[in-house]
Amino acid sequence: MNKQNQRIELLGETPIPRALLSMGLPTMAGMLINALYNLADTYFVGGLGTDSMAAVTVAFPLGQIIVGLGLLFGNGAAAYLSRLLGRNERQTANHAASTALYSSILVGGLAIFFCVIFLESILRQFGAPDHIMPMAMSYTQIYIIFSIFNIFNVTMNNIVSSEGAAKTAMCTLMIGAVINVLLDPFFIYTLKLGVCGAAIATAISQIISSIIYIFYILRKKSIFCFRIRECRFSKKILSEILKIGIPTFMFQILTSASIAMINDAAKVYGSSALASMGPVTKITSMGTLVVYGFLKGFQPIAGFSYGAKKYDRLQEAIQTAILWSTAFCIIFGLLSMVFPAQIMSMFSTYDKEMIRIGQQALRANGLSFILFGFYTTYSFLFLVMGKAKEGCFLGACRQGICFFPVILFLPRIWGLNGVILAQPLADILSAVITGYMAIRLRRELAMDRQQDNPQTNR
């Protein structure tokens with residue numbers, strides 16, 4: 001049996017625990033390693049001072065938006081591709097994969113062009129005060145220009161994961177992240193390039209990851225063909241990609257907006273408060289990326305099972321994904337609550353106020369993070385089933401619908417404590433809403449199972 005057929009069997013026949021481990025663990029490890037892209041810059045820049053840390057912090061939301069362009073087409077295509085493979089529609093899958101890849105490069109290039117033109121205004125909106133603007137500009141200009149490679153990598157990562165090649169996606173992310181960590185101290189301190197060195201190190205690591213994916217395509221290791229002539233900008237393909245991709249992109253925009261609003265609210269209390277939000281945000285993001293990575297492995301299995309009408313297999317995948325992701329969230333949350341001082345001290349040893357504020361924020365975020373696996377599983381599930389409206393609403397809760405009112409009003413009542421507690425409160429509200437929507441979905445799947453031939457559910 002060739003590798004391509006083995007991947008199809010993995011999605012449709014392999015027992016769920018083993019399939020989730022095969023798909024989820026490599027992707028989860030890859031996303032964890034990818035989080036080092038963000039955390040490494042923060043860690044090494046921390047030695048340059050509080051203002052340098054603040055400069056990198058305000059640039060982070062813009063980077064998330066750029067990554068969102070890769071998710072717009074990559075994640076949108078991945079959900080569609082997994083269902084096409086479940087229905088054995090290989091040619092349409094080729095068209096969708098090629099359309100998503102080349103569209104992401106084109107749209108990403110245009111977005112980067114406009115970001116560079118209006119960069120100073122954008123950074124100001126993201127909470128950059130005047131005294132750190134020069135450093136923020138220096139770092140972000142380099143980071144954004146070379147992020148076209150990151151857009152390509154994110155798109156490919158999602159497409160490659162959708163075909164069951166999770167180990168390839170993991171190894172590519174791992175190589176890029178390790179190179180970034182090795183180059184950061186060299187460019188920042190040895191060459192004395194400061195925050196610009198951090199951006200250059202990230203750019204080089206992303207270029208190398210892109211080269212690996214290009215070799216993967218040229219050596220025809222993928223189930224899909226990535227040729228320009230395979231692109232089909234038909235209403236059917238674009239609507240299937242975008243109905244999942246646009247909600248995913250909106251999640252990224254909401255994530256960036258929420259980070260920007262936290263930064264803007266925190267800067268009122270000084271540079272230490274603003275700088276503390278950087279490590280807290282990126283540490284929490286590291287936990288969320290691990291869950292996202294694991295659920296990237298769950299996504300093609302769920303999409304394949306739903307497309308093939310294997311409802312019992314789908315239900316088992318949902319239950320297992322919730323159990324395992326929640327177990328991780330409990331461990332991660334407890335570590336954040338028990339060791340906040342030790343974690344924050346990794347990023348600064350001299351700014352005691354930054355460490356104190358960061359400790360409080362880590363404890364609060366660690367407590368609510370326990371709920372993250374539950375509502376993220378259902379957010380992914382709605383999207384992979386093609387239920388864009390429900391998935392979009394649910395995904396927008398945590399850092400949009402529930403978060404915006406909280407961050408706007410809570411700091412007025414509790415000051416800096418209101419800034420710290422805004423995200424945890426939004427997490428709790430999102431979990432309550434998810435519980436209601438999960439009950440409705442379970443009833444719907446039970447009705448679908450009854451309507452189909454019982455033999456198809458084995």
Are the side chain of [X] and the backbone of [Y] linked by a donor-acceptor contact shorter than 3.5 Å?
X	Y	answer
S239	K236	yes
N94	C225	yes
S379	T376	no
S98	C231	no
Y189	F44	yes
T284	T281	no
T326	G373	no
N75	G245	no
S258	T255	yes
N153	Q206	yes

Sorted by chain and number, sequence neighbours left out, side chain to side chain contact (heavy atoms under 4.5 Å, CB included) with A431 holds for L371, Y375

With a 4.5 Å cut-off on side-chain heavy atoms, are [Y] and [X] touching?
X	Y	result
N365	V280	yes
M133	V58	no
I159	F226	yes
F403	L429	no
I175	I208	yes
I246	L72	yes
M346	P279	no
I217	L101	yes

To check you understand the geometry: which heavy-atom pair defines the closest contact between [X] and [Y], and what is its length?
X	Y	value
T155	A100	CG2-O, 4.1 Å
I145	I112	CA-CG2, 4.0 Å
G108	I151	CA-CD1, 3.5 Å
P424	S368	CA-OG, 3.3 Å
A111	L69	CB-CD1, 3.4 Å
C115	L62	SG-CD1, 3.9 Å

[atom2] on [Y] to [atom1] on [X], rounded to 0.5 Å:
X	Y	atom1	atom2	result
I65	S147	CD1	OG	11.5 Å
I144	F113	CD1	CZ	14.5 Å
L48	M135	CG	CE	8.5 Å
L295	S325	CG	OG	5.5 Å
I420	M277	CD1	CE	5.5 Å
S209	I204	OG	CD1	12.0 Å

Quick check on the 6.0 Å ring-centre criterion: do Y102 and F73 meet it?
no

is_close_aromatic(Y378, F374), centroid dist under 6.0 Å
yes

Q125 atom CD, over 12 foreign heavy atoms within 6.0 Å:
no

Are more than 12 heavy atoms from other residues, nucleotides or ligands located less than 6.0 Å from atom CZ of F114?
no

If the plane angle is over 60° it's perpendicular, under 30° parallel, otherwise tilted; pick one for [X] and [Y].
X	Y	value
W324	F294	tilted
F146	F149	parallel
F369	F328	perpendicular

Hey, mind stepping through I283 and F332 against side chain to side chain contact (heavy atoms under 4.5 Å, CB included) and telling me if it holds?
CA-CA 10 Å; I283 290 165; F332 188 89; 4.1 Å; yes

Report the C-alpha separation of Q91 and E230 in whole Å, then their side-chain angles, then the decisive distance to 0.1 Å, and conclude whether the side-chain hydrogen bond (donor to acceptor under 3.5 Å, both in side chains) test is met.
CA-CA 9 Å; Q91 190 59 48; E230 292 285 344; 3.3 Å; yes

Between F126 and I259, does the side chain to side chain contact (heavy atoms under 4.5 Å, CB included) criterion hold? Intermediate values first, please.
CA-CA 8 Å; F126 286 166; I259 295 171; over 6 Å; no

List the steps, then state whether side chain to side chain contact (heavy atoms under 4.5 Å, CB included) holds for M437 with L441.
CA-CA 6 Å; M437 296 181 68; L441 181 63; over 6 Å; no

Classify the side-chain pair Q399/Q252 by whether it contains a donor and acceptor separated by less than 3.5 Å.
no

What do the steps show when you test Y139 against S52 for side chain to side chain contact (heavy atoms under 4.5 Å, CB included), and what is the final call?
CA-CA 10 Å; Y139 174 83; S52 296; over 6 Å; no

Under the side chain to side chain donor-acceptor pair (under 3.5 Å) test, which residues partner R227, sequence neighbours left out?
none

